[in-house]
**Q** 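Pasting a structure below so you can have a look.
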Amino acid sequence: MIEKFIPSKKQPQETLRRSVVKTISYRVVILILDFATIYLFTGKIKVALGFTIVSNVYTTICYFFHERVWDKITWGKIAYKKPVSKLTVVQ
């Protein structure tokens with residue numbers, strides 16, 4: 001039912017470069033949030049910095065592979081057929 005409201009153009013698959021850029025931008029935001037949260041709870045810069053670095057190394061790698069796997073899953077995606085072009089005869 002909701003498909004009626006979605007534009008009927010083929011959505012391109014995500015490139016490796018796009019996945020990398022999305023991963024980096026997401027991790028920068030999370031890095032800032034992690035540091036601020038841990039610092040607010042502990043009041044210690046070294047603890048906040050140490051946790052933030054360790055946490056963000058493995059979660060960045062996991063996020064990247066998570067995105068790549070989900071790009072391969074077709075569930076929830078709408079497949080659009082290419083329109084058949086009509087040939088016109090010019091006389």
**Q** Flag the pair Leu49 / Lys44 as yes when at least one side-chain heavy-atom distance between them is below 4.5 Å, and no otherwise.
**A** no

**Q** Quick check on the hydrophobic clustering: are Phe65 and Tyr58 connected, directly or via other members, by side-chain heavy-atom contacts under 4.5 Å?
**A** no

**Q** Heavy-atom count check: over 12 atoms from other residues, nucleotides or ligands less than 6.0 Å from Tyr39 OH?
**A** no

**Q** If hydrophobic clusters are built from ILVMFWY residues whose side chains come within less than 4.5 Å, do Val21 and Tyr26 share one?
**A** no

**Q** Going from CG on Asn56 to CD1 on Ile30, what distance comes out if it is rounded to the nearest 0.5 angstrom?
**A** 7.5 Å

**Q** Please check if the side chain of Ser55 supplies one atom and the backbone of Thr52 the other of a donor-acceptor pair under 3.5 Å.
**A** no

**Q** Between Asp71 and Glu67 (side chain of the first, backbone of the second, donor and acceptor by atom type, cut-off under 3.5 Å), is there such a pair?
**A** no

**Q** If hydrophobic clusters are built from ILVMFWY residues whose side chains come within less than 4.5 Å, do Tyr63 and Val20 share one?
**A** no

**Q** Check the orientation of His66 and Trp70. Use parallel for under 30°, tilted for 30 to 60°, and perpendicular for over 60°.
**A** tilted

**Q** Verify side-chain contact (heavy atoms from CB on, under 4.5 Å) between Thr15 and Arg18, making sure each step is shown before the conclusion.
**A** CA-CA 5 Å; Thr15 63; Arg18 179 178 164 86; 3.4 Å; yes

**Q** Test of understanding: clusters of I, L, V, M, F, W, Y form through side-chain heavy atoms closer than 4.5 Å, transitively. Do Leu40 and Ile32 belong to the same one?
**A** no

**Q** How long is the gap from CD1 on Ile24 to CZ on Arg27, to the nearest 0.5 Å?
**A** 11.5 Å

**Q** Between Ile45 and Ile53, is there shared hydrophobic-cluster membership here, with clusters defined by ILVMFWY side-chain heavy atoms closer than 4.5 Å?
**A** yes

**Q** Looking at CZ of Phe51 and CD1 of Ile38, how far apart are the two atoms once the value is rounded to the nearest 0.5 Å?
**A** 4.5 Å

